[in-house]
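Letters A, B, ... are given to chains in the order of the sequence lines, protein chains preceding strands, and every chain is numbered from 1.
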Amino acid sequence: MKAKNSFDRHSFFEDVFAVVRLIPKGRVSTYGAIAKYLGTGKSSRMVGWAMNASHAAIPHVPAQRVVNRNGLLTGKFHFTTPTLMQELLEKEGVKIEKDTVQNFEKVFWNPADELL
DNA sequence: GAGGTGACTGCGA
DNA sequence: CTCGCAGCCACCT
């Protein structure tokens, strides 16, 4: 196939990036919430996969604010350093313990609830 | 163009 | 909370 990059056309990556960038500082969201908001619904994997390309997104996407439904920093190994994700969140006021967001229900930000 | 992969989720136990 | 199973779909080779 042609060597088409994700940026050759309007892909849902951009939609994911747009939503993630809307996450307020000190808040976090989940892949499922974003997926549902975008309509991908059950395919929350696609959100995670989209985040895989977030490093190349401009402006930068605050992927550290996106965790799985358990509040676990599942994607921290995809950052520059495995500790960067936690450090960024703590710097924003989000408490992290054992790679898990503390008070997750309180800092959770649901796009389908806030944006719609 | 078929097959493999994955930063996930929901449900049952 | 943990463990296991199945479904899900865009992207890459």
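Within residues 60-81 of chain A, the residues having any heavy atom under 4.0 Å from DNA chain B are, by residue number, A/A63, A/N68, A/R69, A/T74, A/G75, A/H78, A/F79. For residues 84-107 of chain A, proximity to DNA chain B is found at no residue, defined as any non-hydrogen atom under 4.0 angstrom from a strand atom.
Summarising the geometry, the separation between CG on A/D15 and C1' on C/dA10 is reported as 13 Å, rounded to the nearest angstrom. The NE2 atom of A/H55 sits 14 Å away from the P atom of C/dC11 (whole-angstrom rounding). Protein atom CG of A/N52 is 7 Å distant from nucleotide atom P of B/dA7, rounded to whole Å. The interatomic distance linking A/F17 (CZ) with B/dA7 (C1') rounds to 12 Å, in whole Å. The CE-P distance, from A/M46 to C/dC9, rounds to 9 Å in whole Å. In this structure, A/W49 atom CH2 and B/dT9 atom C1' are separated by 18 Å, rounded to whole Å.
Note on A/V66 and A/I96: separate hydrophobic clusters, where clusters join Ile, Leu, Val, Met, Phe, Trp and Tyr whose side-chain heavy atoms are under 4.5 Å apart, directly or indirectly. A/F79 and A/M51 fall into different hydrophobic clusters, where Ile, Leu, Val, Met, Phe, Trp and Tyr residues are linked whenever their side-chain heavy atoms come under 4.5 Å apart, directly or through other members. Grouping the Ile, Leu, Val, Met, Phe, Trp and Tyr side chains by contacts below 4.5 angstrom, directly or via other members, places A/M85 with A/F108. Side-chain heavy atoms closer than 4.5 Å link hydrophobic residues (I, L, V, M, F, W, Y) into clusters, and following such links, possibly through other members, connects A/L73 to A/V28.
Exactly one of A/V20, A/I34, A/L38, A/V47 qualifies for a side chain to side chain contact (heavy atoms under 4.5 Å, CB included) with A/D15. That residue is A/L38. The residue from A/N70, A/V67, A/T30 that alone fulfils the side chain to side chain contact (heavy atoms under 4.5 Å, CB included) condition with A/V101 is A/V67.
For residues 99-110 of chain A, every residue pair satisfying the side chain to side chain donor-acceptor pair (under 3.5 Å) rule, not counting sequence neighbours, is listed here: A/K76-A/D99.
Taking the side chain of A/F13 as heavy atoms from C-beta on, and the options C/dC11, B/dA7, B/dG6, the nearest nucleotide is C/dC11. Of the candidate nucleotides C/dA10, B/dT9, B/dA7, B/dA7 has the atom nearest to the side chain of A/M51.
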Intermediate values then yes/no, side chain to side chain contact (heavy atoms under 4.5 Å, CB included), A/Q64 and A/L84: CA-CA 8 Å; A/Q64 71 275 13; A/L84 181 62; over 6 Å; no

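The backbone N or O of A/V61 lies less than 3.5 Å from no partner atom in the side chain of A/R21, so there is not a single donor-acceptor pair.
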